Amino acid sequence: MAENIPVSGPSITQKEIDYVADAAAHAWYKDANMYHERFEKAFAEYVGVKYAMALPSCTSAIHLALLALGVGPGDEVIVPDITWIASAAPIHYVGATVVFADIDPLTWCMSAESFQSCITERTKAVIPVDLYGNIPDMDAIRRIAKDHHIAIIEDAAEAIGSEYGGQKAGSLGDVGVFSFHGSKTMTTGEGGMLVTDSKDIFDRSSFLRDHGRIPGDRMFYNAEVAYKYKMSSMQAALGLAQLERIEELVNRKREIFSWYKEELHGIADLTLNCEHPGTKNTYWMVTVVVNSERNIKKEYLMDQLAQKNIDTRPFFHPLSSIPAYADVPRRAKEENPVSYAISPYGINLPCGMNITQDQVRYVCSQLVNIINKY
Ligand SMILES: *Cc1c(COP(=O)(O)O)cnc(C)c1O
């Protein structure tokens with residue numbers, strides 16, 4: 001098979017093209033916000049929260065959430081060591097200190113026990129991440145957070161449509177954040193969403209994302225120096241079209257995962273994403289971890305698969321191990337053994353929306369070959 005198989009990518013139909021064209025033609029003057037309003041309303045309904053705010057990225061959503069919660073210099077914020085850097089970088093933007101918690105060996109999401117062990121009197125917030133579409137033990141995390149008056153920002157960037165105890169991902173903390181980057185399950189090209197049930201958090205975020213203008217301000221008379229975080233109406237139109245197809249998109253991700261599960265079932269030393277009872281995983285990234293006893297590193301696997309025209313990504317490196325966090329006070333290798341034990345041996349397999357079952361078969365046969373030959 002000569003054609004390159006991409007690791008991820010969206011599903012765009014005529015509906016998306018029509019909505020974007022309509023926004024470009026008509027979302028101006030009195031209708032400038034019509035697509036934002038429809039997108040935000042439909043999104044809040046889908047997630048099951050009161051408020052939703054369309055933003056240029058998930059990174060900006062986390063930044064606003066931290067600001068709205070009053071997190072700043074002197075405060076500590078706990079994030080899992082295994083996640084995309086966007087979960088953690090905004091902690092730096094507000095001048096707070098990042099603390100990396102270990103992950104759970106089964107869900108690969110933040111471990112509730114490790115979260116508890118990271119808490120100090122300075123801990124102000126925690127950012128649990130719904131890694132690769134899975135959801136951490138939110139019952140335990142919420143209990144611990146409540147006991148210590150710690151706010152929860154749920155990073156659901158990778159988990160639109162996932163569920164925990166019948167509740168949708170993004171609705172499980174004080175604030176939820178989503179990404180619509182082109183690699184994510186639903187996309188607006190670039191984009192994000194902040195969701196919450198708290199009027200205070202929503203109002204403060206609305207103010208901060210619009211250069212500190214009091215809502216309804218017609219005099220351009222800014223009350224504070226703040227930020228400019230807005231999505232364009234063309235992106236909102238694209239997002240609305242994707243959201244109207246969300247069941248199809250989520251089902252497609254689950255179907256792709258089921259193909260991999262079928263192909264790799266019974267192959268020794270390989271572990272795929274898990275789905276606990278009570279959780280619905282939407283498998284943003286089909287991920288395979290090779291038993292560490294085989295000592296087959298992710299770099300080797302990625303290189304070998306690339307030679308077969310198969311595009312993959314590494315399991316996230318522990319953030320505490322990468323150059324960007326070389327100066328983090330808490331060097332986490334000893335404290336976060338699970339993160340360091342799993343990360344070297346995991347890769348994300350191709351699971352773009354347009355992948356076919358034949359391509360999945362090809363990827364799996366190549367993967368098994370590479371492992372057997374090692
Ligand atoms: C993609 C992603 C983000 C960042 O999203 P952007 O829209 O690119 O800012 C944040 N957190 C996680 C876990 C992600 O996967």
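Treat the numbers as computed from the prediction; the structure is a model and nothing was measured. Start at 1 and go down the list; that is how both ligands and their atoms are numbered. In what follows, residues are counted from 1 in the order of the sequence shown.
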>> Salt bridge or not between Lys124 and Glu76? Use side-chain N to carboxylate O under 4.0 Å.
In response: no

> List by chain and number: which residues place a heavy atom under 4.0 Å from ligand 1?
Replying inline: Ser57, Cys58, Thr59, Thr83, Trp84, Ala86, Ser87, Val129, Asp155, Ala157, Glu158, Ser179, Lys184, Gly191

> Tell me, which pairs form a ring pair (Phe, Tyr, Trp, His ring centres under 6.0 Å) where one or both residues lie in residues 247-281, sequence neighbours left out?
Replying inline: Phe257-Tyr283

> With Trp284, which residues qualify under ring pair (Phe, Tyr, Trp, His ring centres under 6.0 Å), at least two apart?
Replying inline: none

>> For Leu305 versus Ile370, what's the shortest heavy-atom pair and its separation?
In response: CD2-CD1, 3.7 Å

>> Among residues at least two apart in sequence or on other chains, which ones pass salt bridge (charged side-chain N to carboxylate O under 4.0 Å, His left out) with Lys253?
In response: none

> Taking the six-membered ring for Trp, is the centroid-to-centroid distance between Phe180 and Phe39 below 6.0 Å?
Replying inline: yes

